[in-house]
Every structure is written in structure tokens, then in C-alpha cells.
Amino acid sequence: MFAFANLWRPAATAELSAVDREQVVAAARQHDGTTHTPEVALSMLHQPERWDVLAGERARYQVWITGVDSGVVFHARSDVIVGDIIRFGFACNDLLAWSELATATLSERARDSTLAMVDFALDPAAGPTLFRLGPDHPAAALWRDDLDKLALGPGWRELVAQVAHREPAIHALITGATQSRRSPRHGIYGLASHYPAALVRDLAPRFARRPAGALLDELAAFVDAAAREAQDVEVCLETTVAPGTP
């Protein structure tokens with residue numbers, strides 16, 4: 001069970017811990033791509049508020065609401081970004097994290113908090129797409145039509161169930177759960193989960209004892225081909241419109 005809790009509205013940088021400052025700077029950078037001092041960054045986050053997302057008593061994520069309808073979600077007590085909130089809509093490429101946020105309840109909902117208006121729901125038709133590319137290709141090169149890709153679609157849920165308790169590394173790949181992120185191509189919302197060639201090479205043999213399943217076989221072949229070609233793999237969630245768009 002996940003729950004939003006511990007609403008906090010910082011008014012000055014003196015109230016921020018070292019990690020808070022890193023998150024504020026990262027949140028402001030998401031808006032304009034520039035790294036500011038914590039003082040300037042906090043001033044840019046209009047009426048900021050932060051919520052913890054608790055799993056039991058432990059914080060799993062931290063959500064900053066900024067500029068009324070926007071925000072950034074971090075892994076708790078770090079500046080590692082999970083995803084963005086834009087126009088009251090959330091999306092990310094870590095589908096496990098997204099699923100957890102989608103089930104979180106507002107246990108202490110503040111009537112004047114815009115968190116109540118943010119849509120964390122995960123589209124049941126959503127699913128990750130995996131791209132193979134050379135180590136020298138920037139993530140922005142994913143727009144190229146000649147790159148090999150594999151769209152898992154909503155079938156990713158079946159794959160998660162198949163490997164969840166048997167192979168954590170494959171489970172992390174399917175859900176895009178790596179904390180290594182890169183900025184992706186136009187048409188993909190959020191940050192791409194990045195698997196460098198060395199990690200792909202180590203991951204490929206883990207499919208040898210996989211359960212039976214056509215989609216899992218496709219995934220195994222895709223990763224094996226990337227390993228043979230010394231390619232990186234990017235895991236992205238493709239969307240046609242930004243979350244929150246009417």
C-alpha cells in the first residue's frame with residue numbers, strides 16, 4: 001500500500017537539507033534546462049510543495065508540485081528523477097514506479113493542494129518500447145527509423161508476472177526501473193532508461209532459463225542481438241500526446 005503524506009511547503013532555502021537543495025535545483029533544471037543556485041531554483045518553483053510517497057512507513061518517492069500544475073517526482077532522498085508532472089498529468093518510463101504512484105492514496109489530502117488534481121493513472125494500453133543503438137548515439141537519435149526496436153505494449157504486465165520472482169535483472173529491464181536516464185527523442189515522454197552495452201552483455205545470458213512465452217522469446221532475441229552487436233538499449237514509453245492534454 002502506497003500513500004501520499006507529509007505535505008511540506010518550504011518558504012526559504014534555509015529550510016532545505018542538502019538533498020532538498022539537490023532536488024530543488026534538479027526540478028528547476030527540468031523547466032528550463034539550466035542549473036541554478038538553490039536560492040534561484042526555489043524562487044522559480046512557484047508555490048512549491050513536497051509530498052512523500054510512503055510504502056508503509058518508508059518513503060519510496062518524493063513529489064514536488066511546482067507552478068500549480070507541474071512538478072517532478074524523485075526517488076526518495078535523492079536527486080534521481082522518476083518522471084515529470086505537466087498540466088496535471090504524470091508520466092515516466094519506469095513503469096513499476098508509475099504503477100506504484102498510480103495506486104497511492106492521499107491519506108492527508110490538503111484542500112488547497114493541487115496534488116489532488118494530478119492524474120497518476122497508468123494507461124492500461126501503455127507499455128515500453130526498447131531501442132537498440134550504438135554507444136556513440138545520443139538518446140535523441142531514437143527518432144531514426146532505421147534503429148531496431150521492440151514494442152512490448154500492454155503485454156509487459158504479463159512479462160513482469162513471469163519474471164518478477166525469478167530474474168530481478170530482467171524484471172528491471174521490462175519495467176524500465178534502472179536509475180540511469182537519458183533525454184529521449186521527440187514523441188517519447190519522460191526520460192529513457194539507459195542500458196549501456198556492457199550491461200546488456202551481462203543481461204543477455206539471464207534469458208537462458210526463461211519461462212515459456214512468445215513475447216519473452218522476442219525480448220530475449222532482441223537483447224541477445226544487442227549483446228552480439230555491442231549495442232546499448234534504451235527503454236522508453238511512447239506517447240502520442242503529453243499527459244494532461246485534453
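Quick note: numbers below take in every heavy atom, side chains included, and nothing from hydrogens, waters or symmetry partners.
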(message) Closer than 4.0 angstrom, basic N to acidic O: yes or no for R21 and E39?
(response) yes
(message) When you compare the side chain of V72 with that of T66, does any pair of heavy atoms fall below 4.5 Å?
(response) no
(request) Scan side-chain atoms only and decide if Q23 and D79 contain a donor-acceptor pair under the 3.5 Å cut-off. (result) no
(request) Treat each ILVMFWY residue as a node, draw an edge where side-chain heavy atoms are under 4.5 Å apart, and state whether L199 and V235 are in one component. (result) yes
(message) Using side-chain heavy atoms (C-beta onward) and a distance below 4.5 Å, is F207 in contact with V223?
(response) yes
(request) Please check if the side chain of E22 supplies one atom and the backbone of S17 the other of a donor-acceptor pair under 3.5 Å. (result) no
(request) Find out whether Y195 and D232 are in side-chain contact, i.e. whether some heavy atom of one side chain is under 4.5 Å from a heavy atom of the other. (result) no
(request) Taking the six-membered ring for Trp and the single ring otherwise, decide whether the centroids of F120 and F4 are under 6.0 Å apart. (result) yes
(message) Check whether Q231 reaches the backbone of A227 with its side chain - one donor and one acceptor, N or O, closer than 3.5 Å.
(response) no
(request) State plainly whether the residues R87 and D69 are in salt-bridge range, i.e. N to O under 4.0 Å. (result) no
(request) Going by the side chain to side chain contact (heavy atoms under 4.5 Å, CB included) test, name the single residue among L215, L219, T175 that passes it with W156. (result) T175
(request) Could you walk me through whether F74 and V80 pass side-chain contact (heavy atoms from CB on, under 4.5 Å), step by step? (result) CA-CA 6 Å; F74 296 90; V80 177; 5.9 Å; no
(request) To the nearest 0.5 Å, tell me how far L115 CG sits from L106 CG. (result) 4.5 Å
(message) I'd like to check L45 versus V24 (side-chain heavy atoms, cut-off strictly below 4.5 Å). Are they in contact?
(response) yes
(message) Would R60 pass as a cation-pi partner of F2, given that its NZ or CZ must be under 6.0 Å from the six-membered ring centre and within 45 degrees of the axis?
(response) no
(request) Give, for atom CZ of R50 and atom CD of Q62, the distance between the pair rounded to the nearest 0.5 Å. (result) 4.5 Å
(message) Treating E100 as the side-chain partner and A97 as the backbone partner, does any N or O pair qualify as donor plus acceptor under 3.5 Å?
(response) no
(request) Could you tell me whether a side-chain N or O of T37 sits under 3.5 Å from a main-chain N or O of V40, the two making a donor and an acceptor? (result) yes
(message) As an exercise, state the distance from CG of L203 to CG of L173, rounded to the nearest 0.5 Å.
(response) 5.5 Å
(request) Enter the distance from R29:CZ to H36:NE2 here, rounded to the nearest 0.5 Å. (result) 9.5 Å
(request) Go through V160 and H171 one step at a time and tell me if the side-chain contact (heavy atoms from CB on, under 4.5 Å) criterion holds. (result) CA-CA 6 Å; V160 167; H171 178 267; 3.6 Å; yes
(message) If you define the side chain from C-beta out and look only at heavy atoms, does anything of Q30 sit under 4.5 Å from D84?
(response) yes
(message) Check whether D52 reaches the backbone of L54 with its side chain - one donor and one acceptor, N or O, closer than 3.5 Å.
(response) no
(request) Report yes if some heavy atom in the side chain of E49 is under 4.5 Å from a heavy atom in the side chain of L7; otherwise report no. (result) yes
(request) Look up atom OG in S70 and atom CH2 in W64, then write down how far apart they are to the nearest 0.5 Å. (result) 15.0 Å
(request) Test side-chain contact (heavy atoms from CB on, under 4.5 Å) on E234 and L133 and set out the steps. (result) CA-CA 8 Å; E234 304 278 350; L133 68 164; 3.3 Å; yes
(message) Counting C-beta onward and ignoring hydrogens, is there a side-chain heavy-atom pair between L216 and P211 closer than 4.5 Å?
(response) yes
(request) Treat each ILVMFWY residue as a node, draw an edge where side-chain heavy atoms are under 4.5 Å apart, and state whether L42 and V19 are in one component. (result) no
